[in-house]
*Asks:* 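Right, I'll just put the structure down here and ask away after.
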Amino acid sequence: MEKLLEEKRQGEVLKTRIISKNSKKLYIESFGCAMNFSDSEIVASILSNNGYNTTTTIEEAELILINTCSIRDKAEQTVRKRLEKYNALKRDNPKMKVGVLGCMAERLKHKFLEQEKIVDLVVGPDAYKDLPNLLAEVDQGRDAINVLLSKDETYGDVSPVRLNSNGVSAFISITRGCDNMCTFCVVPFTRGRERSRDPKSIIDELNDLAKKNFKEITLLGQNVDSYLWYGGGLKKDLAKASEIQKASSIGFAKLLEMCAVAQPKMRIRFSTSNPQDMSIDVIKVMSKYENICNYIHLPVQSGSNSILKAMNRQHTREEYIDLIKSIKKIIPDCTISHDMIVGFPNETEEDHKQTISLMNEVTYLFGYMFKYSERPGTLAERKLEDNVDEQIKKRRLQEIVDLQQKHSLIRTKEFLNKKVEVLIDKQSKKSDNYWAGRTEHNKVVVFPKENYKIGDFVNVLTEQCTSATLIGKAIEYSKNN
Ligand code: 5AD
Ligand code: SF4
């Protein structure tokens with residue numbers, strides 16, 4: 001039903017990584033967005049310096065960490081079920097400790113530790129460097145908690161361990177937090193104010209990944225286009241910076257260019273973009289460098305101006321369409337995907353029709369679609385009634401999911417009977433004899449393996465398709481190989 005990348009990967013467990021001097025076992029499970037998966041790799045790195053190796057066998061773990069998501073109620077319910085399972089295991093193994101990380105830690109700290117007493121440790125997204133101290137507290141028999149949000153923590157100095165990786169693509173986190181305050185969204189409360197990471201540490205990480213033979217990176221942030229480095233600190237404190245700092249500041253377009261130039265063979269992606277912050281400069285940089293993928297994830301959330309306003313989205317439908325026109329003018333083959341919410345408070349049938357008409361106007365390559373889920377503490381929760389009936393939400397969601405499927409098929413067919421360059425990243429789920437990979441336009445392509453291997457760039461002739469996948473046969477290694 002809901003096409004949700006995050007939930008497809010729910011509960012992914014970090015693979016085993018052995019440092020021989022380490023004797024303790026950590027089991028870490030991640031839920032939610034790519035940022036959480038990336039954070040878990042930072043946590044594993046911090047704890048690998050403190051005696052922990054990761055394990056995929058939960059029963060042998062001394063420490064279980066669950067990196068949680070609060071974005072919708074459903075995500076929180078999934079985590080609650082996992083915590084029940086951990087507690088059952090703890091009853092058999094009293095030495096086992098359980099900790100909650102991430103967005104729910106921030107939101108439900110007191111409930112977990114004090115009222116329900118179901119966890120030993122609660123650590124918010126900006127406090128992972130405090131984990132060794134907090135674990136020492138737990139060893140002393142005390143509950144440990146740190147959910148402080150930071151002005152400058154970006155973990156730029158922690159080198160993530162790529163435990164979850166296929167060895168081909170990796171995330172590089174470039175900003176943390178969000179200042180946008182969309183009225184439905186809990187992220188600004190759980191992850192705090194927006195801050196950007198030192199570009200030097202970003203380029204160092206990129207170069208290191210290239211050295212390790214990675215082929216594709218995704219620059220990651222809640223709002224990447226708002227990236228701004230002026231020497232550290234919150235984006236909203238820019239006014240306090242010196243004139244020299246302001247003059248030498250680096251925005252997202254510049255950072256993107258620096259990455260493209262530093263590693264011209266590395267495929268570069270970014271996520272997520274916010275329409276009001278995406279500049280023409282970014283689009284121009286994309287068009288200038290071949291290694292930046294011609295694909296943009298551009299959430300809009302609704303096609304109705306009155307809903308966009310109530311969501312505090314800071315752009316109109318017309319401005320969004322103008323942005324897409326600019327993108328297509330500068331990069332005619334650029335593919336675009338979306339996030340959409342149905343059933344926001346007071347959404348009428350007419351508003352819903354506006355969403356449908358926007359989708360028809362853009363014909364997105366794909367999208368992630370959700371029913372509105374009221375989140376405690378958000379402006380929408382405080383000021384607006386969650387008044388769209390559940391059955392209506394379901395029906396509207398189904399309508400846009402069905403429409404998107406039609407659009408995906410139309411867009412996918414545009415790549416049919418063509419030579420497309422594919423970066424192989426895994427085996428096809430449907431057949432052991434086929435590789436799966438993606439084009440720069442973020443289209444999944446499957447084809448017979450022959451002698452190719454994961455990490456190869458291959459030119460594939462596409463012959464058939466479903467709405468989500470192109471099927472073809474490899475012709476040759478591409479020039480990028
Ligand atoms: N209810 C439903 N969907 C939400 N999203 C964020 N907050 C909510 C909410 N309260 C969706 C938005 C966002 C994506 C990451 O999750 O579409 O872009
Ligand atoms: Fe949430 Fe809006 Fe920020 Fe995205 S841009 S994280 S939806 S507040």
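Order of listing sets the numbers, starting from 1, for every ligand and every atom in it. The structure presented is a predicted model; accordingly, all values stated were derived computationally and were not measured.
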*Asks:* What part of Ile341 sits under 4.0 Å from ligand 1 if we count only heavy atoms: the side chain, the backbone, both or neither?
*Replies:* side chain

*Asks:* Can you classify the ring geometry of His297 versus Tyr368 as parallel (below 30°), tilted (30 to 60°) or perpendicular (above 60°)?
*Replies:* perpendicular

*Asks:* Within a distance under 4.0 Å of any heavy atom of Phe184, pick out the atoms of ligand 2 and give their elements.
*Replies:* 7 (S)

*Asks:* When you check the gap from the basic side-chain N to the acidic O, do Arg395 and Glu390 get nearer than 4.0 Å?
*Replies:* no

*Asks:* Record the part of Cys182 in heavy-atom contact with ligand 2 below 4.0 Å; permitted values are side chain, backbone, both and neither.
*Replies:* both

*Asks:* Both conditions, 6.0 Å and 45 degrees, for the charged tip of Arg72 above the ring of Phe370: are they met here?
*Replies:* yes

*Asks:* Go through ligand 2 atom by atom and flag the ones less than 4.0 Å from a non-hydrogen atom of Cys185.
*Replies:* 1 (Fe), 6 (S), 7 (S), 8 (S)

*Asks:* With a 4.5 Å cut-off on side-chain heavy atoms, are Leu65 and Val43 touching?
*Replies:* yes

*Asks:* Need the ligand 2 atom indices (1-based, order shown) with element for anything under 4.0 Å from a heavy-atom of Asn274.
*Replies:* 5 (S)

*Asks:* Is there a donor-acceptor pair closer than 3.5 Å between any side-chain N or O of Thr78 and the backbone N or O of Lys74?
*Replies:* yes

*Asks:* Just let me know how Phe370 lines up against ligand 1, side chain, backbone, both or neither, with a heavy-atom cut-off below 4.0 Å.
*Replies:* side chain

*Asks:* List ligand 2 atoms under 4.0 Å from Pro188, heavy atoms only on the residue side.
*Replies:* 8 (S)

*Asks:* Relative to each other, are the rings of Tyr128 and Tyr155 parallel, tilted or perpendicular (30° and 60° limits)?
*Replies:* parallel

*Asks:* Could you tell me whether some N/O pair between Ser373 and ligand 1 is separated by less than 3.5 angstrom?
*Replies:* yes

*Asks:* Is there a side-chain contact between Met286 and Leu256 in this structure, where contact means two heavy atoms from C-beta onward sitting under 4.5 Å apart?
*Replies:* yes

*Asks:* For atom 3 (Fe) of ligand 2, what is the closest protein heavy atom, and at what distance to 0.1 Å?
*Replies:* Cys178 SG, 2.3 Å

*Asks:* Using heavy-atom distances only, which candidate in Val342, Thr378, Asp339 approaches atom 18 (O) of ligand 1 most closely?
*Replies:* Asp339

*Asks:* Short list, please: which atoms of ligand 2 are under 4.0 Å from a heavy atom of Asn180?
*Replies:* 5 (S)

*Asks:* Give the residue, atom name and distance (to 0.1 Å) of the protein heavy atom nearest atom 6 (S) of ligand 2.
*Replies:* Gln222 CG, 3.4 Å

*Asks:* Need the ligand 1 atom indices (1-based, order shown) with element for anything under 4.0 Å from a heavy-atom of Gln301.
*Replies:* 12 (C), 13 (C), 17 (O), 18 (O)

*Asks:* Heavy atoms only, cut-off 4.0 Å: how does Glu374 contact ligand 1, side chain, backbone, both, or neither?
*Replies:* neither

*Asks:* With heavy atoms of Arg375 as the reference, note each atom of ligand 1 found under 4.0 Å away.
*Replies:* 10 (N)

